[in-house]
2 protein chains.
Amino acid sequence: MAAPRQSSRSPRYVGIAAELRERILDEHLAPHTLMPSERELSEQFEVSRMTARQALMLLESEGHVYRRPPRGTFVAEPRVRFQIGSFSAEADRLGRQASAQLLWAKALAGAGNGATRARTALGLADDDTVHAFRRLRLMEGEPLAIETTYFPSALTPGILDVEAEGSLWGLLRERYGIEMTRSVAVIESIVLDEESCDRLAVRAASSGILLTRRTFDQDDRCVEFARDVYRADRAAFEVSASVAR
Amino acid sequence: MAAPRQSSRSPRYVGIAAELRERILDEHLAPHTLMPSERELSEQFEVSRMTARQALMLLESEGHVYRRPPRGTFVAEPRVRFQIGSFSAEADRLGRQASAQLLWAKALAGAGNGATRARTALGLADDDTVHAFRRLRLMEGEPLAIETTYFPSALTPGILDVEAEGSLWGLLRERYGIEMTRSVAVIESIVLDEESCDRLAVRAASSGILLTRRTFDQDDRCVEFARDVYRADRAAFEVSASVAR
DNA sequence: CAGCCCGCTTGGTCTATACCAAGTGGGTCG
DNA sequence: CGACCCACTTGGTATAGACCAAGCGGGCTG
């Protein structure tokens, strides 16, 4: 049977999403509260399961709920605000407990694997090598970002052998005497790839924020190139700029 | 009938999206090229229309295509990169032709309508009024952002009567002798509301980037509060920061 | 010839149904 | 008692079919 003509102009699933959004916000349901299942909602609102599902998918894309099959759909937590710079420094500033899980650490030479792009960003020659880390960053135990960081090998001998659970910037200062002085970054909205969704524990093709950063030291050498992917529903960025005239 | 067991692990629609993405990127199809319709794709790939549709929706959320019912689905243009600051200044820098359509301009007093929030951001008292503009910003004729800008009324007498098609920052400098010197902004990913989707000519519940900005003058007074909503698929932001130690 | 209208196509929405993978919990068996 | 297993529930994927609004173009009508 076709859809019965609705009185309002907007689609049924938008209205259902609005109703649920209101429930979450007005009754300020606690984060991680279990929402009704798709099948329950389809009965309550007298629509097919696919329509109830569309409403929940809308709320998920807004960051109001998250879904954890086969457990159910839950109320989400509000997002965390970052400034550009080191994840660890930000966590300290916010008084949150940050940690990192090393995914890999290696020396990159030759072409491919982002090595070429990293060398270009770092201002290195084609035959230079770079040291690269990929780390999952967590705050209060929740995965928030995947950082991929590249340093010129010449500046960071032996860095791959260090335990990389803490601040890499701190390591650069303490062990290599490199002072980071300024960063230039590009922030954009992306759709997360399969691996990132997996690591960040969000559903496939979720929205993410890509922060591509170059950091310079006291001599204005580019000493770090980083490509950080944040969960869009959990992160916000605070930036400041002087006005060019 | 149920879905036949696929050989691969990933869903059918992800594979179809990948195939189409490849076609767009490898054959570098020109922007605005018409893609096959959902019904055509469902025949070509031998899936139901809903599955072909999911693939196209995925590509749309990635910004690879845009949909314009009932004309069809088209290859999208790549995104534009901004620095924090004035939209007009950025357009100049990029050598693009920028324009603005005034949506409304009014004086706000009392509570509600964002007036309270604007006063707080501007550091004004509860009985002060603010002058507010909402403008649709276009680049090369394409809607890219909705700016809502608030100024202290005391600093900008008569500003509501000015034609607001160009740069408001230019106006502040030339007419009121106010020099903008620095901005502080928060960038985050949001889902666009119905009106914004409409104005920006994107589908309902598309992803957007919210830039909330406070701008200060030579005396470090906050002279502008702005809430700008950009299309996530068309905008990127370049920022720089010195490293706090 | 001008203008209107109608039918085709498109994406958008919705129904109804089916099977799948994977946690959860209860009950059973050794 | 402990380990295992199976049934139930959940969201995820997929099918097949239906009607809608709206742009477009061709053909008909005045």
Side-chain angles (χ1 to χ4, degrees), chain A residues 1-18 20 32-61 65-76 194 197-198 201-206, chain B residues 1-18 20 32-61 65-76 194 197-198 201-206:
Chain A
M1 195 202 314
R5 199 68 233 111
Q6 68 252 21
S7 52
S8 129
R9 270 295 122 155
S10 58
R12 208 76 179 75
Y13 72 91
V14 172
I16 294 173
L20 296 176
H32 315 296
T33 302
L34 179 63
M35 300 282 294
S37 76
E38 295 179 353
R39 288 166 178 85
E40 280 168 17
L41 288 174
S42 73
E43 277 189 36
Q44 285 176 26
F45 288 96
E46 294 183 307
V47 295
S48 79
R49 187 186 147 210
M50 286 303 289
T51 302
R53 178 176 173 72
Q54 269 187 282
L56 285 178
M57 288 197 296
L58 181 54
L59 289 177
E60 186 193 26
S61 73
V65 303
Y66 64 95
R67 324 189 76 184
R68 211 41 50 93
R71 310 237 337 263
T73 300
F74 302 85
V75 175
E194 202 171 337
C197 288
D198 213 47
V202 295
R203 44 175 283 114
S206 290
Chain B
M1 195 201 313
R5 199 70 232 108
Q6 69 253 20
S7 52
S8 127
R9 270 297 123 154
S10 59
R12 208 75 180 78
Y13 73 90
V14 171
I16 294 173
L20 296 175
H32 315 296
T33 302
L34 180 63
M35 300 283 292
S37 75
E38 296 179 352
R39 288 165 178 87
E40 280 169 18
L41 288 174
S42 73
E43 277 189 35
Q44 285 177 27
F45 288 96
E46 294 183 307
V47 295
S48 77
R49 185 183 149 212
M50 286 304 288
T51 302
R53 179 176 173 72
Q54 269 187 281
L56 285 177
M57 288 197 298
L58 180 54
L59 289 177
E60 186 192 25
S61 74
V65 303
Y66 64 95
R67 325 190 75 185
R68 211 42 49 93
R71 310 237 339 263
T73 300
F74 302 86
V75 176
E194 202 171 337
C197 288
D198 213 46
V202 295
R203 43 175 284 115
S206 290

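Protein chains get the first letters and strands the later ones, always in sequence-line order, with residue 1 at the start of each.
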Return the value, rounded to whole Å, for the distance between atom CE of Met50(B) and atom P of dG17(D). 14 Å
How many Å lie between CD on Glu43(B) and P on dT10(C), as a whole number? 10 Å
Between dA21(D) (C1') and Asp198(B) (CG): distance, integer Å: 15 Å
Rounded distance [0.5 Å steps], CE in Met35(A) versus CZ in Phe74(A): 11.0 Å
Whether Thr51(A) contacts dT13(C) is assessed here as follows: a side-chain N or O lying under 4.0 Å from the phosphate OP1 or OP2. Is that the case? no
Expressed as a whole number of angstroms, how long is the span from Leu41(A):CG to dT15(C):C1'? 17 Å
Return the value, rounded to whole Å, for the distance between atom CG of Leu34(B) and atom P of dC24(D). 12 Å
List for me each residue that meets side chain to side chain contact (heavy atoms under 4.5 Å, CB included) alongside Glu38(A), sequence neighbours excluded, and say none if there are none. Arg49(A), Arg53(A), Leu56(A), Arg67(A)
Distance in angstrom units between Glu46(A) CD and dC14(C) P, rounded: 15 Å
From CA spacing to verdict: side-chain contact (heavy atoms from CB on, under 4.5 Å), Ile16(B), Val47(B): CA-CA 10 Å; Ile16(B) 294 173; Val47(B) 295; 4.0 Å; yes
Would you list the protein and nucleotides 8-12 of chain D atom pairs, both N or O, that sit under 3.5 Å from each other?
unit_1	atom_1	unit_2	atom_2	d
dT10(D)	O4'	Pro70(A)	O	3.1
dG11(D)	OP1	Thr73(A)	OG1	3.2
dG11(D)	OP2	Glu38(A)	N	2.9
dG11(D)	N7	Arg39(A)	NH1	2.8
dG11(D)	N7	Arg49(A)	NH2	3.3
dG11(D)	O6	Arg39(A)	NH2	3.0
dG12(D)	OP1	Arg203(A)	NH1	3.2
dG12(D)	OP2	Arg53(A)	NH1	3.0
dG12(D)	OP2	Arg53(A)	NH2	3.4
dG12(D)	OP2	Arg67(A)	NH1	2.9
dG12(D)	N7	Arg49(A)	NH2	2.7
dG12(D)	O6	Arg49(A)	NH1	2.9

Assess whether atom CD of Glu194(A) is packed by more than 12 heavy atoms of other residues, nucleotides or ligands within 6.0 Å. no
Could you pull out all residues at least two apart from Ala17(B) that satisfy side chain to side chain contact (heavy atoms under 4.5 Å, CB included)? Arg21(B), Ala55(B), Leu58(B), Leu59(B)
Please give, in whole Å, the distance from dT13(C) P to Ile16(A) CD1? 13 Å
Do Val65(B) and Leu20(B) have side chains that approach each other closer than 4.5 Å (heavy atoms only, starting at C-beta)? no
